[in-house]
Amino acid sequence: MTEEKSANFLEEIVEKDLEAGKYKHIITRFPPEPNGYLHMGHAKSICLNFGLALKYGGKTNLRFDDTNPVTEETEYVEGIKNDIKWLGFNWSDEFYASDYFGKLYEFAVTLIKNGLAYVDDSTSEEIAKQKGTPTQPGTNSPYRDRSIEENLQLFAEMKAGKYKDGEKVLRAKVDMAHVNMHMRDPLMYRIKHAHHHRTGDTWCIYPMYDFAHGQSDSIENITHSICTLEFVPHRALYDWFIEKLNIYPSHQYEFARLNMTYTVMSKRKLLKLVSEKYVDGWDDPRMPTISGMRRRGYTPESIREFCDKIGIAKRENLIDISLLEFCVREHLNKIALRRMVVVDPLKVVITNYPEGKSEMLSSENNPEDHDAGSREMPFSREIYIEQDDFMEVPAKKYFRLAPGQMVRLKSAYIIRCEEVIKDASGKVITVNCTYIPESKSGSDVSGINVKGVIHWVSIAEALPVEIRSYDRLFNVENPALIDDNMLDALNPDSLNKKIAYAEPSLKNATADERFQFMRTGYFCIDSDSTKDKLVFNRTVTLRDTWAKEGKK
RNA sequence: UGUCCUAUGGUGUAAUGGUAACACUGCAGAUUUUGAUUCUGCCUUUCUAGGUUCGAAUCCUAGUAGGACAACCA
């Protein structure tokens, strides 16, 4: 049953390493910085890193890259852990780069002792100037040739808090003329008198990414350290530190990050949307964050399937959001309970159905899953149908309700439109119909075949609920291209709230259930929901080929 | 006018020197008590030029195009 899927380039590397006996088992890691919530790009990385360990036998560590106390918070740590678990993955060990601050300090001292690092008094502007440009070599800092003893003392003083923020830094002594800018005496430590979410005020010097990440990988014996393409130029430095320190040789590999149409996938931009209140928090259902998608009703299965389908490669990509929608529909179609909810109501009176009478009709919960059983819903003389399901002057190929035409009410009777009642402005307010008693679902002996089947809800028992429909956050395919003014491309109609009329069984809906409001879309209970006011999020619409017909 | 990375249908991804394929999208049709689902079919692909080879999407060279790199961010 399991069809052979060809390996991506990272799987090939792992397979080769394993075959060559380079490792007995692999160790990967997922290294988020706790300065924001996880998004779909992280989901891709999580599926990759955990997936590799699962597939080839090994383990994956969760390691928070918490080397910048100014932006990092415990709230994010908890959010990130929650998201990973929800996606369905379990980490082997939970580590923090801050666990290694002591070790890292020793590494730095070692490099100083070997003449490979020095304390620099230059300002950040001066250092930037010294760096040169990609096409021009840099120049040496005037402090580059301090003695080892002096460097040792100054670095100890930095640690001891003798200097103010920015007054001094520790730099690696590599090569200011190196063609790779990252090798031009990169910063290893900077002074920040800031409170760290885990180490508190123990430290006032903090290692830079380049002097923390690779060393952390090495300490944990990570065999395959996988990151995104923008870190390719860092690899030389990654290897340089490991070599000079003579520590466990972890190796870095890079793959292309995920981009999706009509959204942004950068923590910085997502943070801007949140902090400037263009969305309602990190878990706003319009956000491509894991928490947002969870709130919107996406399932972990569908996200994992998506990550599997998009593949892993090294070229820039822009994934069509419709692939994600396909994945979630595919899963929800199998598990969602079918319910009838009228969003834009039009009153229908069934004139030959006795006043005051009502009957319970049975309807299956999921035609894809007969074990899901059925539920009952009331039928009576006055019902709501969808405004779209009636046309006074029917369009071509329209097979719903129209004067003189018949439709089937799903799981109920066939009705025929007899009379259209309008208000003073000419707007249709009620449609009078007759029903065919012999056409009852399950015991239809009418012999009538109608093409149209529509959903409905009995007015007397209808449950008013709020439904929130979401559209794309941005109006342009790739908002990242208009970096400086991405807000101009925000879709003003990305959120639509409405009161709809639901069949009464929905009263008992729970947060973990998934629903298909028949002919409308997939929905789930939103966290804003209360006992008195149910709120549903539209996860995704159903495919609608009739709507496309209309656009032609 | 540097170094590095990348280049296969509209979008992704495969083919690992031997007939370019799979998925999504789009289009058409069948079935359908959801215009859903399911099923069938169709459209559309190797950046360019040389070279190696019996044979190149694949290897080599050059070009072109796109991306990354000059934060005391990660």
Asker: Distance criterion of 3.5 Å, no angle test: do you see the side chain of A:H234 paired donor-to-acceptor with the base of B:A68?
Answerer: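 Answer no: no donor N or O sits under 3.5 Å from an acceptor.
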
Asker: Please check if any side-chain donor atom of A:S141 sits under 3.5 Å from a side-chain acceptor atom of A:R171, or the reverse.
Answerer: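 No, no side-chain donor-acceptor contact under 3.5 Å.
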
Asker: With a 4.0 Å cut-off on N to O distance, would you call A:E11 and A:K55 a salt bridge?
Answerer: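 A salt bridge links A:E11 with A:K55.
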
Asker: Which class fits the ring pair A:F231 and A:Y209: parallel under 30°, tilted 30 to 60°, perpendicular over 60°?
Answerer: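 The rings of A:F231 and A:Y209 sit tilted, inter-plane angle from 30° to 60°.
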
Asker: Side chain of A:N68: nearest nucleotide among B:U13, B:C73, B:G35?
Answerer: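 So the side chain of A:N68 is nearest to B:C73.
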
Asker: Which nucleotide wins on minimum distance to the side chain of A:M208, given the candidates B:C72, B:U13, B:A15?
Answerer: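 So the side chain of A:M208 is nearest to B:C72.
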
Asker: Are OP1 or OP2 of B:G35 and a side-chain N or O of A:K410 less than 4.0 angstrom apart?
Answerer: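 No, no such contact exists.
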
Asker: Could you give the distance separating B:U61 and B:U52 at their P atoms, to the nearest angstrom?
Answerer: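 So the two P atoms sit 15 Å from each other.
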
Asker: Would you say B:U37 has OP1 or OP2 under 4.0 Å from some side-chain N or O of A:R543?
Answerer: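 Yes, such a contact exists.
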
Asker: Taking atom C1' in both B:A21 and B:A15, what distance in whole Å separates the two?
Answerer: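 These two C1' atoms come out 7 Å apart once rounded.
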
Asker: Among B:C69, B:G2, B:U34, which nucleotide sits nearest the side chain of A:R519?
Answerer: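 The nucleotide sitting nearest to the side chain is B:U34.
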
Asker: With nearest nucleotides of RNA chain B determined for A:P233 and A:T135 from heavy-atom distances, which residue corresponds to the more 5′ nucleotide?
Answerer: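 Result of the comparison: A:T135.
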
Asker: Quiz question: by atom type and distance under 3.5 Å, do the side chains of A:S98 and A:D66 form a donor-acceptor pair?
Answerer: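 Indeed, the side chains of A:S98 and A:D66 share at least one donor-acceptor pair under 3.5 Å.
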
Asker: Return the nearest nucleotide to the side chain of A:E33; candidates are B:A74, B:G12, B:G35.
Answerer: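 Out of B:A74, B:G12, B:G35, the nucleotide with an atom closest to A:E33's side chain is B:A74.
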
Asker: Is it the case that B:U33 (base atoms only) and A:S411 (side chain only) share a donor and an acceptor within less than 3.5 Å, ignoring hydrogens and angles?
Answerer: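 In this structure, the two groups form no donor-acceptor pair.
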
Asker: If we take the P atom in both B:U46 and B:U8, what is their distance in whole Å?
Answerer: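 To the nearest whole Å, 10 Å.
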
Asker: Taking B:U31 as the reference, what is the distance to B:C39 when you measure between their C1' atoms (whole Å, please)?
Answerer: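 After rounding to an integer number of Å, I get 8 Å for this pair.
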
Asker: With a 4.0 Å limit, can you tell me whether A:T71 has a side-chain N or O closer than that to the phosphate oxygens OP1/OP2 of B:A74?
Answerer: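 For A:T71, the contact criterion (side-chain N or O under 4.0 Å from OP1 or OP2 of B:A74) is not met.
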
Asker: What interatomic distance, in whole Å, is found between C1' of B:U58 and the corresponding atom of B:A7?
Answerer: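 Straight-line distance between the two C1' atoms is 13 Å.
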
Asker: Indicate whether OP1 or OP2 belonging to B:C73 is found under 4.0 Å from a side-chain N or O atom of A:R190.
Answerer: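 Result: yes.
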
Asker: Could you measure between the two C1' atoms, the one in B:U53 and the one in B:A57, and give it in whole Å?
Answerer: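 Their C1' atoms lie roughly 15 Å apart.
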
Asker: What is the distance, to the nearest angstrom, from the CG atom on A:D165 to the P atom on B:C73?
Answerer: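 Distance, rounded to whole Å: 10 Å.
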
Asker: Expressed as a whole number of angstroms, how long is the span from A:F9:CZ to B:A7:P?
Answerer: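 After rounding, the gap between these two atoms is 11 Å.
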
Asker: What integer distance in Å separates A:M181:CE from B:U3:P?
Answerer: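 Atom CE in A:M181 sits about 15 Å away from atom P in B:U3.
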
Asker: Kindly determine whether A:D99 and A:R198 satisfy salt bridge (Lys or Arg N to Asp or Glu O under 4.0 Å), including the steps that lead there.
Answerer: CA-CA 9 Å; A:D99 294 340; A:R198 296 194 89 234; 2.9 Å; yes

Asker: Looking at A:R408 and B:U33, is any side-chain donor or acceptor paired with a base atom of the opposite kind under 3.5 Å?
Answerer: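 When only heavy-atom distances are counted, A:R408 does reach the base of B:U33 through a donor-acceptor pair under 3.5 Å.
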
Asker: Rounded to whole angstroms, how far apart are CD1 on A:I319 and P on B:A23?
Answerer: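 A:I319 atom CD1 is separated from B:A23 atom P by 16 Å.
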
Asker: Indicate the ring-plane relationship of A:H182 and A:H234, choosing parallel, tilted or perpendicular according to the 30° and 60° boundaries.
Answerer: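 Tilted: the ring planes of A:H182 and A:H234 meet at 30° to 60°.
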
Asker: What about the rings of A:F515 and A:F523, do their centers lie closer together than 6.0 Å?
Answerer: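 They do not qualify: ring centres at least 6.0 Å apart.
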
Asker: Do A:F255 and A:F9 have ring centres separated by under 6.0 Å?
Answerer: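 No; A:F9 has its ring centre 6.0 Å or more from that of A:F255.
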
Asker: Distance check: side-chain N/O of A:S322 vs OP1/OP2 of B:U11, anything under 4.0 Å?
Answerer: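 Looking at the OP1 and OP2 atoms of B:U11, neither is under 4.0 Å from any side-chain N or O of A:S322.
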
Asker: Quick one: sort the A:F241 and A:F211 rings into parallel, tilted or perpendicular, breaks at 30° and 60°.
Answerer: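 Perpendicular.
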
Asker: Check the distance between B:U34's P and A:I454's CD1 and give it to me in whole angstrom.
Answerer: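 Answer to the nearest Å: 13 Å.
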
Asker: Give the rounded distance in Å between these two atoms: CG of A:L401 and P of B:G35.
Answerer: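 Spelled out: CG on A:L401 to P on B:G35 is 14 Å.
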
Asker: Of A:D320 and A:E364, whose nearest nucleotide on RNA chain B comes first from the 5' end?
Answerer: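 Nearer the 5' end of the strand: A:D320.
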
Asker: With a cut-off of less than 4.0 Å, is there a side-chain N or O of A:R329 near OP1 or OP2 of B:C24?
Answerer: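 No, outside the criterion.
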
Asker: Let's test your reading of the pairing rules: Watson-Crick or G-U wobble, both distances under 3.5 Å, then write RNA chain B as a dot-bracket string with ( ), [ ], | and dots.
Answerer: .((((((..((((....[..)))).(((((.......)))))....(((((..]....))))))))))).....

Asker: Under 4.0 Å: is that the gap between some side-chain N or O of A:K548 and OP1 or OP2 of B:G26?
Answerer: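 Yes, such a contact exists.
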
Asker: Check every atom of B:G35, B:A74, B:U25 against the side chain of A:F326 and return the nucleotide holding the closest atom.
Answerer: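 Between B:G35, B:A74, B:U25, the one nearest the side chain of A:F326 would be B:U25.
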
Asker: Kindly say whether, by distance alone, the side chain of A:E368 makes a donor-acceptor pair under 3.5 Å with the base of B:U38?
Answerer: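 No pair found.
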
Asker: In terms of side-chain heavy atoms of A:L542, which of B:G35, B:A68, B:U34 is nearest?
Answerer: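 Among the listed nucleotides, the one closest to the side chain of A:L542 is B:U34.
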
Asker: For the residue pair A:F101 and A:H196, does the interplanar ring angle fall in the parallel (under 30°), tilted (30 to 60°) or perpendicular (over 60°) class?
Answerer: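 Judged by the thresholds at 30° and 60°, the geometry between A:F101 and A:H196 is perpendicular.
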
Asker: Say we look at B:U25 and B:C59: how far apart would their C1' atoms be, to the nearest angstrom?
Answerer: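 Comparing C1' positions in B:U25 and B:C59 gives a spacing of 35 Å.
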
Asker: Please determine, for the side chain of A:K192, which listed nucleotide (B:C69, B:C72, B:U13) has the closest atom?
Answerer: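 Selected nucleotide (nearest to the side chain): B:C72.
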
Asker: State which of B:U34, B:U6, B:C72 makes the closest approach to the side chain of A:M518.
Answerer: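 So the side chain of A:M518 is nearest to B:U34.
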
Asker: How long is the line joining CZ of A:F306 and P of B:U13, in whole Å?
Answerer: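 Distance check: A:F306 CZ to B:U13 P gives 11 Å.
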
Asker: Among B:A74, B:A14, B:G35, find the nucleotide with the atom closest to the side chain of A:W546.
Answerer: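 Shortest atom-to-atom distance from the side chain points to B:G35.
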
Asker: What interatomic distance, in whole Å, is found between C1' of B:G26 and the corresponding atom of B:G12?
Answerer: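 Rounded to whole Å, the distance is 15 Å.
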
Asker: Can you find a donor-acceptor pair, distance only, under 3.5 Å between A:R338 side chain and B:U37 base?
Answerer: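 No pair found.
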
Asker: So do the side chains of A:E301 and A:I335 get within less than 4.5 Å of each other, counting heavy atoms only?
Answerer: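 Heavy-atom side-chain distance check fails, nothing below 4.5 Å.
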
Asker: Rounded off to whole Å, could you give me the CZ-to-P distance for the A:R400 and B:U34 pair?
Answerer: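 Going from A:R400 (CZ) to B:U34 (P), I get 13 Å.
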
